[in-house]
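Working notes, structure below.
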Amino acid sequence: MEIRIGLAGNPNCGKTTFFNILTGSNQYVGNWPGVTVEKKEGKVKGRDNVTVTDLPGIYSLSPYTPEEIVARNYLVGERPNVILNIVDGTNIERNLYLTLQLIETGIPVVMAINMMDVVRKNGDKINIDLLSKRLGVKIIEVSALKNEGVEETVDLAVKTATSDNVHLPIHRFSGPVEHTLAHIEEAVVHEIPEEQQRYLAVKIFENDKEVLKTLGVESDVLNHIKKDIKLCETELDDDAESIIISERYDYITKIVKECCKKVNVTTTTSYKLDKILTGKFTGLPIFALIMFGVYYVSVTLIGTSVTDWVNDVLFGEWICGGVSAFLTNIGCAEWLISMICDGILGGVGSVIGFAPQMAILFFFLSFLEDCGYMTRIAFVMDRLFRKFGLSGKSFIPLLIGSGCGVPGIMASKTIESDSDRRMTIITTTFIPCGAKLPIISLIGGAILGGKWWVAPSMYLIGVIAVLVSALMLKKTKPFKAEENPFVMELPSYHMPVMSGVFRHVWERVRGFIIKAGTVLVVACAVMWCLSNFGVTSEGFVYLGGENSDSSFISYIGSAIAFIFSPLGFGNWKCVAATLSGFFAKENIVATIGVLLSKGETVNTLLTTAVAGFSFLVFNLLNSPCIAAISAMAKEMNSKKWFFFALLYQNVFAYLVCLMIYQIGGLFSGTVSFNFFTPVAFMVLLLFVYQIVKKDRNKIQ
Ligand code: GDP
Ligand code: MG
């Protein structure tokens, strides 16, 4: 017999860890709610007839979040043979709220109390037998992390699924509610199998629109039921949904009191740590210190030297040297050798050089995520972000985006509010990602005199760009504020599973390398051709690094350079470099290198500090690389919003740089008053107006 097991539970209770052990699969285990929004399916190892489905973490079967809808559609729609309810043993009370609802569906439930290793360490006690009796389900204690009890759980689940017992919930609501439920069952669902009736009746009582729609209840019957519900609401003096919620909680409180003995929470290590790590005055400074440490180690301490070695020695001398010697030997054409070595290998090498740096950065970020600190950061940042109309949850995408925009944008999935999520997707890539570091160091070193503040100020500008955008967009209709209290579980701290952290790092670095090996190879080859072939008086020629003014890229760049003149870099080389950033931001530096003629330096292209700064900021704030753009398209899931995002990013970048160059130049005396000076001041006024103007959409 085919058996389908549905894994259900709250976020972070260990479902995915459990699923991975069962199926031998490698799903991403994250200590961050919402990591699993889609469901995943797999066969249980060694039992070909048993399929298990890992559902997203949920707190309830209401239809309010994407996770809930996915889980509920699967459970109620496809009715697995048994629900394996994973429960976080360190937090039974909260987890049982979902358990009660799972039992109501009439699908056989087996409850696995997970994290027993932690429960035992804390010294908490759970009376399994009594709890099992009170809930009417089989219970087993496990630790997914330590792989304890997993086999037995599957046995139990299979046994429960194959037994013929009908599973009716034991829990009863108060008299008036049960009375109304009986009416509803009688009037609407009496023809549906008995074990499914109760779930539907409760949902109808709660006025769940989805269920009412699916059942297609006739309007006179519905009106009749509505009257019953109204009577019940009057009698209990509350609305139907709240009645159900509070009666469930009352019941849970009662049985938890009976069955669980918890040691005082305020003595746990997590609690003590949180006092400091999320404290009002200590939270932010500690976070800043930690992030500084992470960047110092991954970028300054290790990154630079490894990157230089990969660029100069590995790719420069060994690979390029070898390949070019080989190609010369077999008599390859000079232009082809140059294209492969200077164009492709050089370009790809300069990107691969960042892989070690990124690996280290990702290692720290996933370590912080898995041990539970990231959730705290979101919590701490929420206080600050709220002032700008963003939720603390927007902070994680921004933070991850400082490594790479692609996972950053994907992390925005967890933000419930549509407008917050869109805003986060639009603004995440304002934060400089790893690939923008080379351009920062190039411009910072060559034009801004290698000042120490250049790199930090780019991150600061990124953050300000995010906050200013939030402030301005929030006041427009489509982004108007929704009331969204910050609800996020703070999981207890724990030592991350190293294999998981390494897997995570590998996945990201692999993505990065694949990008380098595919998109970038093509992009480098195209850029190389565009800049090494051209039309001169002799017709179509190979320029061979000479005379790049006649190259195709120079024609393209020159044609649109006038657009960028008001920003201070209206020359075709800078424009071509900016365009090449579309493939990958790492390209920008490589392109500039390729395009410089003999004796030319970056300073010949960007003659003043203000122009250099403007060029740098434009390349930080404009649309991200193609990989991140496709992530944006996927997460926006709407053509309209996707194009709006692209438009916004580029227009915003343009206007900001217009102000930087015109106003900054005017004050530093390098740009004289011209047509664009008043325009820049107008833009500044508009920005200020939009920021300080009263928010009419705000919910009072
Ligand atoms: P999901 O959100 O329910 O899929 O939960 P995950 O499987 O992603 O696990 C959340 C976190 O709990 C991860 O950091 C796991 O390593 C950790 N975890 C899972 N099971 C156990 C366990 O039995 N004991 C302990 N101490 N940690 C666990
Ligand atoms: Mg999961």
Side-chain angles (χ1 to χ4, degrees), residues 5-42 52-60 65-68 70-71 74 83-92 94-95 97-99 102 111-124 126 139-153 268-270 273 363 365-376 396 411 413-414 488-505 507:
I5 302 179
L7 273 187
N10 286 182
N12 273 319
C13 64
K15 291 178 303 302
T16 305
T17 313
F18 210 90
F19 178 84
N20 285 348
I21 299 180
L22 283 184
T23 58
S25 122
N26 268 343
Q27 294 299 343
Y28 175 52
V29 180
N31 204 339
W32 171 252
V35 162
T36 332
V37 176
E38 293 98 20
K39 58 184 202 289
K40 304 212 170 68
E41 221 167 62
V52 13
T53 305
D54 184 22
L55 295 170
I58 47 172
Y59 295 108
S60 145
T65 66
E67 288 91 346
E68 285 168 355
V70 170
Y74 172 78
I83 296 176
L84 183 49
N85 176 209
I86 311 282
V87 162
D88 176 354
T90 61
N91 219 328
I92 297 239
R94 190 218 337 122
N95 282 248
Y97 185 70
L98 176 69
T99 307
L102 294 175
M111 183 164 141
I113 303 187
N114 191 24
M115 315 253 179
M116 281 309 292
D117 52 321
V118 188
V119 174
R120 290 198 193 101
K121 211 169 89 205
N122 288 350
D124 297 343
I126 305 168
I139 301 181
I140 184 164
E141 293 173 290
V142 301
S143 166
L145 191 67
K146 307 237 140 85
N147 196 354
E148 285 167 13
V150 176
E151 259 315 294
E152 293 86 330
T153 311
T268 61
T269 327
S270 275
L273 269 176
F363 172 81
L365 290 181
S366 38
F367 187 93
L368 289 178
E369 182 184 337
D370 199 9
C371 74
Y373 184 63
M374 281 278 204
T375 335
R376 268 77 180 184
I396 302 291
K413 247 202 250 298
T414 56
M488 198 154 70
E489 200 60 39
L490 296 186
S492 47
Y493 290 101
H494 68 110
M495 195 58 197
V497 191
M498 278 305 153
S499 62
V501 172
F502 283 120
R503 179 192 311 142
H504 191 195
V505 171
E507 268 166 18

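Just so you know, these numbers use all the heavy atoms, side chains as well, and skip hydrogens, waters and symmetry mates. Order of appearance sets the numbers: ligands from 1, and atoms from 1 within every ligand.
Contacts between Asp117 and ligand 1 below 4.0 angstrom, taking non-hydrogen atoms only, involve the side chain exclusively.
Of the N or O atoms in Asp54, none lie within a sub-3.5 Å distance of an N or O in ligand 1. Residue-to-ligand polar distances keep Met116 apart from ligand 1: every N/O pair is separated by 3.5 Å or more. At a 3.5 angstrom cut-off on N or O pairs, Phe18 does not count as close to ligand 1. At under 3.5 Å, a nitrogen or oxygen of Ala144, whether backbone or side chain, sits near a nitrogen or oxygen of ligand 1.
Proximity of the aromatic rings of Tyr373 and Phe367 is defined here by a centroid distance below 6.0 angstrom, and this criterion is not met.
The backbone N or O of Asn85 sits nowhere less than 3.5 Å from a side-chain atom of Lys15 that would complete a donor-acceptor pair. Between the side chain of Asn95 and the backbone N or O of Asp88, at least one donor-acceptor pair lies under 3.5 Å.
The contact set between ligand 1 and Ser143, taken as ligand atoms under 4.0 Å from a residue heavy atom, comprises 22 (C), 23 (O), 24 (N). Listed by number with element, the atoms of ligand 1 under 4.0 angstrom from any heavy atom of Val118 are 26 (N). Applying the 4.0 Å criterion to heavy atoms of Thr16 picks out, from ligand 1, the atoms 1 (P), 4 (O), 7 (O).
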Exercise for the section: Go through the steps to decide whether Asn114 and Val142 satisfy the test side-chain contact (heavy atoms from CB on, under 4.5 Å), and finish with yes or no. Expected result: CA-CA 5 Å; Asn114 191 24; Val142 301; 3.7 Å; yes
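One distance of note links CZ of Phe18 with CG of Leu145; it measures 12.5 Å at 0.5 Å rounding.
Side-chain contact annotation: Tyr493 with Arg376, donor-acceptor N/O pair under 3.5 Å present. Ser60 and Tyr97 share no donor-acceptor pair across their side chains, judged by distance under 3.5 Å alone.
At least one heavy atom of Cys13 sits closer than 4.0 Å to an atom of ligand 1.
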